[in-house]
Amino acid sequence: MIDRSTAAVDKSAVLRGLVSKTRVPLGSEVYNRILETLYDEASALDERRFDDWVAMLATDLVYTAPIRLTRTGPNRDRDIMRTMMHFDDTYDTILMRTGRLSKSAWAEDPPSRTRRFITNVRVGETENADEYEVVSYFQMARSRGGDPVNEGTTAERRDIWRHVAGAYKLARREIIFDQATLSMSNLAVFI
Amino acid sequence: MIDRSTAAVDKSAVLRGLVSKTRVPLGSEVYNRILETLYDEASALDERRFDDWVAMLATDLVYTAPIRLTRTGPNRDRDIMRTMMHFDDTYDTILMRTGRLSKSAWAEDPPSRTRRFITNVRVGETENADEYEVVSYFQMARSRGGDPVNEGTTAERRDIWRHVAGAYKLARREIIFDQATLSMSNLAVFI
Amino acid sequence: MIDRSTAAVDKSAVLRGLVSKTRVPLGSEVYNRILETLYDEASALDERRFDDWVAMLATDLVYTAPIRLTRTGPNRDRDIMRTMMHFDDTYDTILMRTGRLSKSAWAEDPPSRTRRFITNVRVGETENADEYEVVSYFQMARSRGGDPVNEGTTAERRDIWRHVAGAYKLARREIIFDQATLSMSNLAVFI
Amino acid sequence: MLHTPGLVLNDGTTIDELINVGMHEVSMRVMNDPEIHRLEMERIFAKTWLLLGHDTEIPKAGDFVQREMGEDNVIVARDRSGEIHVSLNVCPHRGMKVCTAEAGNALAHKCIYHGWAFRPNGDFIGAPVEKEQMHGNQLPKSELGLKQARVHIYGGMIFATWNIEGPSFDEFLGDSKFYFDQLFCRTDSGLELLGPPQRFMIPANWKIASEQSASDGFHTLTLHRSLMEGGIMGGTAESIYDNAPGMYGVDVSSAEGHSLRCLEAAQTFKMFSNVSFEGKTVEERLHMLPPPGITPELIPQLFKNLSADQVEMLATIPPQVGGMFPNVLVLFIFAPRTDGGSSGALALHTYMPKGPDKFEFVNYIFAEKDAPEQVKRDMLQNAILQSGTSGIIEQDDADTWPQIFRNTHGAISRTRTLKYQALSGDIKPEGWKGPGMTYPGFTKDDTQWNWWLNYHRLMSNPR
Amino acid sequence: MLHTPGLVLNDGTTIDELINVGMHEVSMRVMNDPEIHRLEMERIFAKTWLLLGHDTEIPKAGDFVQREMGEDNVIVARDRSGEIHVSLNVCPHRGMKVCTAEAGNALAHKCIYHGWAFRPNGDFIGAPVEKEQMHGNQLPKSELGLKQARVHIYGGMIFATWNIEGPSFDEFLGDSKFYFDQLFCRTDSGLELLGPPQRFMIPANWKIASEQSASDGFHTLTLHRSLMEGGIMGGTAESIYDNAPGMYGVDVSSAEGHSLRCLEAAQTFKMFSNVSFEGKTVEERLHMLPPPGITPELIPQLFKNLSADQVEMLATIPPQVGGMFPNVLVLFIFAPRTDGGSSGALALHTYMPKGPDKFEFVNYIFAEKDAPEQVKRDMLQNAILQSGTSGIIEQDDADTWPQIFRNTHGAISRTRTLKYQALSGDIKPEGWKGPGMTYPGFTKDDTQWNWWLNYHRLMSNPR
Amino acid sequence: MLHTPGLVLNDGTTIDELINVGMHEVSMRVMNDPEIHRLEMERIFAKTWLLLGHDTEIPKAGDFVQREMGEDNVIVARDRSGEIHVSLNVCPHRGMKVCTAEAGNALAHKCIYHGWAFRPNGDFIGAPVEKEQMHGNQLPKSELGLKQARVHIYGGMIFATWNIEGPSFDEFLGDSKFYFDQLFCRTDSGLELLGPPQRFMIPANWKIASEQSASDGFHTLTLHRSLMEGGIMGGTAESIYDNAPGMYGVDVSSAEGHSLRCLEAAQTFKMFSNVSFEGKTVEERLHMLPPPGITPELIPQLFKNLSADQVEMLATIPPQVGGMFPNVLVLFIFAPRTDGGSSGALALHTYMPKGPDKFEFVNYIFAEKDAPEQVKRDMLQNAILQSGTSGIIEQDDADTWPQIFRNTHGAISRTRTLKYQALSGDIKPEGWKGPGMTYPGFTKDDTQWNWWLNYHRLMSNPR
Ligand code: FES
Ligand code: FES
Ligand code: FES
Ligand SMILES: [Fe+3]
Ligand SMILES: [Fe+3]
Ligand SMILES: [Fe+3]
């Protein structure tokens, strides 16, 4: 596994969300359509319209969630460990997951009542004219059964959205959870 | 009461927030004014300027909050039960509520310190040219007295906002809470 | 100290966030650039790029956070007590704080994993053509070590952002916390 | 300790030190002590009759709802024969919830963990792969069913208890039956639950709400002051304490800890104050001012279902608010509407303990099944506006209870007491036709003290 | 158990097993045991004097603030005659908070639940609808007032205790009074509280912060290392342990568990290091380097309000940090500012228990009432920058305490001990004028151990 | 109570009332009682061997990870000599966490509170300002080190226990070693931990997950039904209970409470169902269907590291899932991929108690160190897809356990029992070469009951 003991000190880019140097301005047409898309995606997932969601995914999707590690001193900001993931999915495995949810997936039957709050959206251009780097802040409230105490999680999502035939499709998503030990008892819901 | 035991299986529209097929684009003038209005509404309520808030309401307002029911199997997504409400108000009853808040409404004296976070706003046209369907995600933090633990709630709001004399007035609001058992000890605050 | 016992009854402006009578419309160029700036500021702080953040501050910055007091009756809405602060900083003291964070500031080493959600942004003009009043709603999730329970806080921020050489610099920030007793065990993070 | 007679806590405190019968005082400690809470669950909630819902919720075979009996989760289901059963929702195999839906319809409840299946009456059907007999060979199938509670239906309301040999439901109601009948058993078709209950959590001990439900009329005058400021109860804000609207009537109670407040509507509501019953017959009175929830066309049914004495009382001084021991609030009130109308509001609450520091407020809203749809609609709206989650009356209660609870922890505070020292004594009003204890005049502490006496009685009984 | 002499827990553990007096060790278990916590509330927080605020908060008749005494909520109010009273904020009727505001002015506190009213001194006025005597007939009005605590004002600071017959406040202060007077009783007008206190919750046991407040000087060197890295205390980051700034002085303490660290400013702060007191008079020294919070114009008042010995000490080696048993931290420090100025920072903290696992950190910030407004302004800013919620010093403490607390639960960890084994012993420095126990030289564990000895004494006393 | 032999709770309940050995039933109360929990921490987690990680996590001198032993936080570090030490992460001075990083490299751990420093082996180095001897004069430095646990490395896995004189690790494994060796000790370079573990909290008692890990095969058929609906295990959704895929095999177990399920892959997975071992040599079989995690080039190593009997078993009916007492789940499974490939998934979980009501699920994912990088990559992806936080198998477990836990509190529910009454009995299959207890055929409750018997044994032993 990665040898953390020799991890060089390197603050740059460790936690940085938006890498692109060419910003797509907030309020621009591209920005607005992408933000609209993120809202539509959240509603598809909150309303459990998984087919609608899958239709928003590129078939070469890479969907991952590295773990976070609590570190100190010179390496304290190098805390995203990509050697281990909470999600490590492709379009095919996502289909397996959504397919399961339409069958006997007790973890979501009865379903969680979820709410995905999307804020702090920033967009940048990439080397591919039709692909955009999209960073969003994510917060989910998740209510199950009669429990008055919600589970929930917060994260940053680092996406690549690809413009295809007038719509945007998700080609890449890296979920940066904010917890080293997740408080959610499972990830039977998508981020 | 509604006989849940025969509720037909029907995923469509059960949870769907935005029904309109004609979208008002994010970033358009109408969208921007409506979003601004939602922010102004939130500040009026958080600042307890109830007169300002009432001035934003249409006199034919219908303001409701159906309960949620935890269900399984084919009916698992049909969990909004409109046979029972947490709010079932009209313009008149809202006036009774706000009037009360200016008198001896101990539930809000001392007042809660509230913060209403509005995100994921989506807007659509309706059959009435001057009315817009507005779906927003809602999150409230509510702090009372010296208690360091907040109460709070999350919900989706399905509104109709009517354009009247250069401003928008709330004609309809359905609040979809995310909990079957509410964690808030009362709804002495507006959603 | 201020004599609360004679505080005159005055609902107006007590809690009001946005004072300006001239609104900078949501969606306008100025609004968009400022919102973008708030998102960039949040990412700089969440990514602990303190140099980038300090570069966004005006040297005449005034950065304060009055306490909240639970009151009843005619004074119930006059609950922001500016005689005592949680923050009472200037550009110089902020430099002292950020400088400390690069050394042995154990309170943030290991660092908190933070997420600053910015919503409900409203902008107004001021008497100074290059300065804008900016009110934003703020929510922070803060995760420390292996603790699965986050700390967090919510607040309103009342800023003055000054347009300088094509960028906006923070000249004034007043943080209105929503709690009288803060649940966060320290304010080693910026709001 | 738990098995010696009487109640003695681990630190040696006796129940008589906690409840001072002579002085009519109750120690604040009773409101938060975890040991007392555990005993309450065993000696009260596992022993007495509890309200779980209404049979109109589950009209068809297989219909079920999931409810709580104290801290025990149960399935309330109707079987093929139409009979209602209450089964502990704990799988006899490894304890999973057999039913995970809050409501639905099923003729077989199959546990998702290993697949054991049960009928609506709790009978064990079997485990998957029958030939492998995965339920084992040490207990017959007949002993592997879901644990059954004893069920009684009263006025359509579903009550259950774990106390199989204990008092009958009528014994449990005692003298209060005469009065409750006037609310629950007065029409041919009876009440209808208008929808699933509102549910929300209150961060307080269940008894803080329940001792109030035992007909604490006095708090209305101050805590619910805004009602009177609204003017609908007559007088002005200034004159509230002089008029004391709704304070005078007859509080009735019985040894089982139940109670109701019987009030003349005309005394309570300005809008009715021109009403005079002088020389009117019972029927005339009923038409002039029907009791809450009753519409003119239903009046004949009252005579059919109730005794003459009961109807007369309903016509003259109807029971309107009160409680059923241990945790039920009854709210059958006149509820004047902003539009001038008034069809009343009918609600029952249960305060279900969730540990010593929380309870779930479950709000059931009713109407007479045979009332016109529009009346049902109005009554639903009334009840939601007045009671439960957003109710302008109960908002204030829900904010007060937690503050009292937070006041029960301190080393000094916990030694303070709740006082029930304004007592009028059991006096039969002249010509009163009803049984039980009666407390005419200004509402006092008697009924609440009766609640505590029954609490004392049950808590002292280890069996 | 609770009523036998000494302290024996339900599992048989004695206090001497928890606090090893011979070895100067304290079991980690003491920091989280719920049974111990309940005993602390009864034997310490219900018995000893507690700091509740300052009289400048409530200048006028009727002014009040709501505060905590341990886990008991109280009203601190000034009556018509100007006298300050501390009343338990628990309604004698049914336990509601009588006062729901954190601060305000009222000559009658009316309970919102049923309307019972009380004066600022706690006297019961009456219940609504006087003629119905809703307070009952079993207790006279004189016995229905709010429970009163015993009050003492010291240097404007409001102290109270539930121990009516117990030690006087001066007995409580003991030999430490000589030193505390130098901070709280040195000027004509005394201190002024600059605003309502900062309040925030710490997820740790109150004793973890309080045993540190008993003059743990040593932790500053490592936990507050960033202060020295800042350079304002002289030397470089590398030389911190060699210079050991602020480590040398005289720690003073008394049997009641109080303590203070007396430090020569010149030894602590680079900026003052060119100061030499050689052959200077006390007055000259005071002008060269006024003690924290004192401005030149206030110096004459010191001579008027303090003894010559006290003034000399203040001029030469002023008390700067320390604690007052059980839960007060004293911070009266030199606080060099980024702008080069230094008016010092004066703050008191109380660590109020909220269960064994949380405490509320209440931070009171002061200035001399007669100090110039700008000085007050600077001192407020200093104090906020250094202490409390955002203070760069106490940020690190507030993050450390919870980590220690989380370390007290494990089956093995709870048997580990806190150690106080670096002891210098009570040695009177040559020419020292003050009373009490004195520990000159490098700061050691003596004062903290004295804190634990007094804790042991009080916890062993069931009465 | 805690020091008398056997286990008797404060209310007089004995362990034999909680665990009915004759009836094979366990009271639900065992799953939430705080007193029982404290005893578990003392009698199980402070006594038995616990899995803390893998030596490939800390390859170099000074490398360390922070882990938990029950509720005790420890540092797992490699010293200069390459030896691995497990030290209690509680500072002997005042209890602060000496190490605040979850992982890293340090040859000296310096406590941030007062600066005491310790070596990777726990030795105390010293306190700052050496000349002041701030560690005191009552204990020698040799007694001020971090408390050491006893360490054993097995197959690269790091185990530790506080029970210094207790059973050796091999005694702890007992007859199960023969089977575990086939998973952990089969190749020259052994396993490699692919990354830091996934960590998440489950709101349930640790035993609810752990008794399942003791080879509850039956729940797969119903709770993990979606696996079969996926079709990868053969048959259709309708035929699941007829096919009962994965239900037949040989469950093995030993008195120490460990167990494993040995399954013929061909019986479980459709994709392998055309495989026939008729008349094939062990080596041929291994090549036809390598055990999970093994690639063809590694097969020769199996013969080198394992006995002939072990290799034959691995080739024919490999152990795939099971548990190690008290809190380890073993998941070494065939994991068919959406792309048709199958390199298996190797994972170990530890369920670390955090109070009676929560545990931390720690998921360690492995591959053979000498496997090709792409295989490691595939196996990581497989393991994440099937197990842990987002695993489609364990999602359902993680949602079920909390529901069972919530079902253990009610006054009636807590008296219900978990049942282990489907027992096949210890039968040696014909030609079986392995030791220990064997349960051939349909998976039953025997192995889980063995888990409870060992729990009963340890909990009954106060020493
Ligand atoms: S727990 Fe219900 S079938 Fe096993
Ligand atoms: S509780 Fe205060 S008046 Fe009744
Ligand atoms: S607590 Fe570790 S050095 Fe003091
Ligand atoms: Fe009420
Ligand atoms: Fe400190
Ligand atoms: Fe499983």
Side-chain angles (χ1 to χ4, degrees), chain B residues 1-7 64-76 79 81-97 99-109 112 144-147 149 151 177 179-191, chain D residues 54 56-66 99-106 192-204 222-230 237 337-339 360-361 363 365 380-381 384-385 388-392 394-403 406:
Chain B
M1 64 188 292
I2 180 177
D3 179 352
R4 284 182 304 287
S5 63
T6 58
T64 60
I67 66 160
R68 303 292 295 272
L69 193 72
T70 302
R71 306 180 70 181
T72 55
N75 287 315
R76 63 185 168 225
D79 65 353
M81 309 308 293
R82 295 188 171 83
T83 49
M84 184 54 57
M85 309 279 187
H86 290 297
F87 280 110
D88 187 8
D89 284 74
T90 63
Y91 184 81
D92 287 347
T93 58
I94 291 287
L95 280 188
M96 174 187 279
R97 291 179 183 274
R100 182 182 115 84
L101 287 168
S102 65
K103 304 202 192 74
S104 304
W106 308 121
E108 281 295 306
D109 184 6
S112 302
R144 285 194 58 63
D147 191 342
V149 180
E151 290 198 334
F177 283 111
Q179 296 177 319
T181 301
L182 297 186
S183 56
M184 280 225 297
S185 53
N186 70 29
L187 291 172
V189 289
F190 297 102
I191 304 301
Chain D
H54 197 266
T56 53
E57 289 183 272
I58 49 175
K60 299 209 320 309
D63 286 352
F64 68 84
V65 290
Q66 196 188 123
C99 171
T100 60
E102 195 176 334
N105 179 279
E192 171 185 353
L193 188 63
L194 295 179
Q198 294 178 336
R199 299 169 58 194
F200 56 115
M201 293 301 290
I202 305 288
T222 303
L223 186 64
H224 302 309
R225 174 182 174 84
S226 68
L227 281 184
M228 292 140 234
E229 288 170 331
R337 293 162 51 79
T338 52
D339 62 15
E360 184 170 325
F361 186 134
N363 185 20
I365 297 178
L380 176 63
Q381 199 165 40
I384 292 170
L385 182 61
T389 44
S390 73
I392 57 177
E394 295 185 329
Q395 280 176 13
D396 294 329
D397 294 302
D399 191 62
T400 296
W401 299 329
Q403 295 191 69
R406 283 193 291 273

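Here is the naming used below: chain letters follow the sequence lines, and residue numbers restart at 1 for every chain.
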Note, T389(D) side chain near M184(B) side chain (heavy atom, < 4.5 Å): no

How close do G195(D) and T83(B) get, heavy atom to heavy atom, and via which atoms? CA-OG1, 3.8 Å

Pairwise distance OG(S104(B)) to CG(L227(D)) - rounded to 0.5 angstrom: 10.5 Å

Does any backbone or side-chain atom of T181(B) lie under 4.5 Å from a heavy atom of chain D? Answer side chain, backbone, both or neither. both

If I take atom CG from residue L194(D) and atom CE from residue M85(B), how far apart are they, to the nearest 0.5 angstrom? 11.5 Å

Residue from I202(D), T100(D), L223(D), I365(D) scoring the most non-hydrogen pairs under 4.5 Å with chain B is L223(D)

Residues at least two apart in sequence or cross-chain that pass side-chain contact (heavy atoms from CB on, under 4.5 Å) with R100(B), listed by chain then number, are A105(B), A107(B), S226(D), I392(D), Q395(D), D396(D)

Kindly indicate, with the supporting measurements, whether the criterion side-chain contact (heavy atoms from CB on, under 4.5 Å) is fulfilled by E394(D) and N186(B). CA-CA 8 Å; E394(D) 295 185 329; N186(B) 70 29; over 6 Å; no

Distance in Å, I384(D) CD1 paired with T64(B) OG1, rounded so as to fall on 0.5 Å steps: 9.5 Å

Where is the tightest heavy-atom contact between S185(B) and F200(D), given as atom of each residue plus distance? O-CE1, 3.4 Å

Top contributor to chain B contacts, counting heavy-atom pairs under 4.5 Å, from T400(D), N363(D), L380(D): L380(D)

One should read off an interatomic distance between L182(B) CG and E360(D) CD, to the nearest 0.5 angstrom, of 10.0 Å

Side chain from CB out, backbone as N, CA, C, O: work out which of these in D147(B) comes under 4.5 Å of a heavy atom of chain D, or both, or neither. side chain

Leading residue by heavy atom contact count with chain B [cutoff under 4.5 Å; candidates H54(D), Q381(D), R406(D)]: Q381(D)

Which atoms of T222(D) are under 4.5 Å from chain B, going by heavy atoms: the side chain, the backbone, both sets, or neither? backbone

Test item: P196(D) and M84(B) side chains (from C-beta on) under 4.5 Å apart, heavy atoms: yes

Would you say that T70(B) contacts Q66(D) through its side chain, given a criterion of any heavy-atom pair below 4.5 Å between the two side chains? no

Got L385(D) and R97(B) here, is their nearest side-chain heavy-atom distance under 4.5 Å? yes

Going from CZ on R144(B) to CD on Q403(D), what distance comes out if it is rounded to the nearest 0.5 angstrom? 6.5 Å

Cut-off 4.5 Å, heavy atoms of chain D, and the answer for A180(B) is both

In this structure, CH2 of W106(B) is separated from CG of D399(D) (nearest 0.5 Å) by 11.5 Å

